[in-house]
Each structure stands twice: as C-alpha cells, then as structure tokens.
Amino acid sequence: MEPLPNVTDINRYQVQKSQSKKIWVVLIIGGSLGLVGGLTYYWFGYLPSHIWTENAYVESDILPVNSRIMGMVKEVYVTEAQAVKKGQLLAKLDETDFALELSFKETKLKKAEADFARATRLRKYQALSTSDFELARANMLAAQADRDGTNLKILYTNVLATQDGIVAKRNIQEGQFVQPGQSLMVIVGTSPIWVKANYKETQINRMHEGQSVEIHID
C-alpha cells in the first residue's frame, strides 16, 4: 500500500499550480495586448504611411533581331534563355553567293579604274572630251559603290547582338531561308530594367518623387 502524500507536498503542488495559472494568464494578456498593439500600429501607423500593390511587373526593352539581307541560315550560335553581350555573333548566313558576286564586281571595278586612268592621260593631252572623261569617272565611282554594296552584304551575313540581354525567342534554324526584315530572334535587354506598378487613384496623391521603395520579386 502506497503512503499518502503529506500536507507539505499538497501545499507545494497547489502553489506551483497557482503560479502556473498566473504565468499563463500573464502570457495570454501580454499576447493579446501585443496583438492589439500590432494591429493598431498596422492600421493607424503603417498603412497611412505606406503604399503597396501586387499589380506590378518587371519590364525591359524588347530588341528584335531582323535579317538585313536575303539568304540561307548557315549556323546558329545561341539558344533560348541564353545571355548574350552586345556585338556577340548570334547567327551566320551563307555568304557563298555574295563571295562570287564580290569577285565579279572587283574585276569590273579594276576595268573601270583602268579606263579612268586611260581617260585621265588622254585628258591631259586634250585628246578626250570633257563628257567622255566625266563618263569614265562616273563608271569608276559606280563600280566602287557596287563593290562596296556587296561587301556590306557579306558583313550583314554576321548577325550580331545590338545590346546585352537574354535570348527570349529564337525563330530560325540552320538551313532556313530568310528574307530581309524577317525576325530571326528576340532579345530581352538586361539594362535598363524597370518595374511598372499600377496603383489606385486614391493612392497616387500620397506619392511623390524621391520616396524610398521596397521591391519583392516572386
């Protein structure tokens, strides 16, 4: 048979139980006061001095990359979601036809230059009319411009990034035939980047230039 608890043990248990109840009461009251205080500050202190919205978007420049010439896509060096730098080679168009065209036009230019040199010598000795001399000069300048135009086409076979960014969409594949002005890919610029936020009309009168802003990205 177990011994009965003495009076001292019972009193000690009652005191501990009473103290425990007081602690819980203090905690509950303190928590309630803290909650009320927090809500009071939120409604009457924080909200009147802070404006917020979740109707906002991160935006940047959208940079289309278009073909400046007609040709066949020889190689594509980037993929979607790839970061690129300004001046980076994105794709290469086949330049075989332009190389043949350049060879022909350089030969044509050499003949025009030789004709103009001959016309200059004849003009020196008054053996050529002014109109014929000007015609030879015009033919040489036209041949030079024609040659330079083909060189420019060869330059345009290199498709370069016009700004730092990220390839958002790639519209071309190797072997595809493209036309001048056709969209090859789209680059989303990484500088500058801005946030477009939409606020209620009742919030705008509390906003002014120079206020600090906190932005949280999902």
Side-chain angles (χ1 to χ4, degrees), residues 57-196:
Y57 307 91
V58 178
E59 295 191 354
S60 182
D61 291 326
I62 304 298
L63 312 170
V65 179
N66 301 326
S67 176
R68 303 189 67 168
I69 57 173
M70 178 175 61
M72 190 77 68
V73 179
K74 185 177 181 180
E75 291 182 86
V76 182
Y77 302 106
V78 295
T79 59
E80 292 185 357
Q82 178 178 337
V84 296
K85 294 292 185 180
K86 182 178 180 179
Q88 180 176 336
L89 184 62
L90 305 176
K92 176 74 174 178
L93 304 184
D94 189 3
E95 61 181 20
T96 303
D97 292 342
F98 299 129
L100 293 174
E101 181 181 314
L102 179 62
S103 178
F104 169 75
K105 290 182 178 180
E106 284 181 338
T107 301
K108 185 178 177 181
L109 175 59
K110 288 180 180 179
K111 183 178 185 306
E113 289 174 340
D115 290 343
F116 180 68
R118 177 173 173 271
T120 301
R121 290 193 301 269
L122 293 175
R123 178 66 174 168
K124 182 178 179 180
Y125 297 104
Q126 304 295 319
L128 188 70
S129 66
T130 302
S131 60
D132 288 341
F133 175 78
E134 292 296 335
L135 179 60
R137 183 174 182 273
N139 288 337
M140 182 190 67
L141 293 177
Q144 287 177 344
D146 205 17
R147 187 273 314 270
D148 293 342
T150 300
N151 276 329
L152 195 59
K153 291 178 183 178
I154 293 176
L155 182 64
Y156 288 157
T157 61
N158 297 312
V159 181
L160 306 178
T162 57
Q163 187 173 331
D164 294 352
I166 298 174
V167 178
K169 187 177 182 181
R170 200 185 79 174
N171 302 320
I172 56 170
Q173 301 291 337
E174 294 179 3
Q176 181 179 346
F177 191 82
V178 297
Q179 298 286 346
Q182 181 175 337
S183 175
L184 306 182
M185 59 189 70
V186 175
I187 295 177
V188 176
T190 54
S191 177
I193 293 177
W194 62 90
V195 174
K196 180 180 289 185

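What you see is a predicted model; the values in this text were computed from it and never measured. Quick note: numbers below take in every heavy atom, side chains included, and nothing from hydrogens, waters or symmetry partners.
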Exercise for the section: Measure the CD1-CD distance between Ile172 and Glu75 for me, rounded to the nearest 0.5 Å. Expected result: 11.5 Å
Completion exercise
Taken to the nearest 0.5 Å, the spacing of Ile154 CD1 from Phe98 CZ works out to 8.0 Å
Problem - Nearest atoms (heavy-atom pairs only) where Ile187 meets Ala161 - result: CD1-CB, 4.1 Å
Exercise for the section: Write down the atom of Asp61, the atom of Pro192, and the distance for their closest heavy-atom approach. Expected result: OD2-CD, 4.0 Å
Fill in the blank from the handout: Closest heavy-atom pair, Gln88 versus Val78, reported as atoms and distance to 0.1 Å, is NE2-CG1, 4.1 Å
Handout entry: Test item: Asp94 side-chain N/O and Thr96 main-chain N/O as donor-acceptor pair under 3.5 Å
Key = yes
Using atom types as modelled, flag every donor-acceptor pair under 3.5 Å from a side chain in residues 106-117 to any protein atom, sequence neighbours excluded.
residue : atom : partner : partner atom : Å
Thr107  : OG1  : Ser103  : O            : 3.0
Lys111  : NZ   : Asp115  : OD2          : 3.0

Handout entry: Over all atoms of both residues, closest heavy-atom pair of Gly175 and Met72
Key = O-SD, 2.8 Å
Exercise for the section: Check whether any side-chain N or O of Asn139 sits under 3.5 Å from a backbone N or O of Leu135 as a donor-acceptor pair, and report yes or no. Expected result: yes
Handout entry: 4.5 Å side-chain heavy-atom contact, Phe177 and Leu93
Key = no
Practice task
Report the distance from atom CG of Leu155 to atom CD1 of Ile69, rounding to the nearest 0.5 Å.
Solution key: 9.0 Å
Exercise for the section: Would you sort out whether Leu102 and Asn151 count as a side chain to side chain contact (heavy atoms under 4.5 Å, CB included), showing the intermediate values? Expected result: CA-CA 7 Å; Leu102 179 62; Asn151 276 329; 3.4 Å; yes
Practice task
Could you tell me whether the side chains of Ser183 and Asn171 share a donor-acceptor contact shorter than 3.5 Å?
Solution key: yes
Exercise for the section: Give a yes or no on this: more than 12 heavy atoms of other residues, nucleotides or ligands lie within 6.0 Å of atom OH of Tyr77. Expected result: yes
Handout entry: CG-OG1 distance between Asp146 and Thr150, expressed to the nearest 0.5 angstrom
Key = 5.5 Å
Practice task
Might you confirm whether atom CZ of Arg123 has over 12 heavy atoms from other residues, nucleotides or ligands at distances under 6.0 Å?
Solution key: yes
Problem - Distance in Å, Gln82 CD paired with Met185 CE, rounded so as to fall on 0.5 Å steps - result: 9.5 Å
Problem - With sequence neighbours excluded, residues passing side-chain contact (heavy atoms from CB on, under 4.5 Å) with Val188 - result: Ser60, Ile62, Ala168
Practice task
Check the pair Thr190 / Ile166 against side chain to side chain contact (heavy atoms under 4.5 Å, CB included), numbers first and verdict last.
Solution key: CA-CA 7 Å; Thr190 54; Ile166 298 174; 4.0 Å; yes
Handout entry: Side-chain heavy-atom pair Val65, Thr162 within 4.5 angstrom cut-off
Key = no
Practice task
Mark yes or no for whether Glu80, through its side chain, and Arg170, through its backbone, hold a donor-acceptor pair below 3.5 Å.
Solution key: yes
Completion exercise
Nearest heavy-atom contact between Gln163 and Ser191 is NE2-O, 2.7 Å
Problem - Euclidean distance, Leu122 CG relative to Phe133 CZ, rounded to 0.5 Å - result: 10.5 Å
Exercise for the section: Indicate yes or no: at least one non-hydrogen side-chain atom of Leu89 is less than 4.5 angstrom from one of Leu160. Expected result: yes
Completion exercise
Residue set satisfying salt bridge (Lys or Arg N to Asp or Glu O under 4.0 Å) with Lys92, at least two apart, ordered chain then number -> Glu95
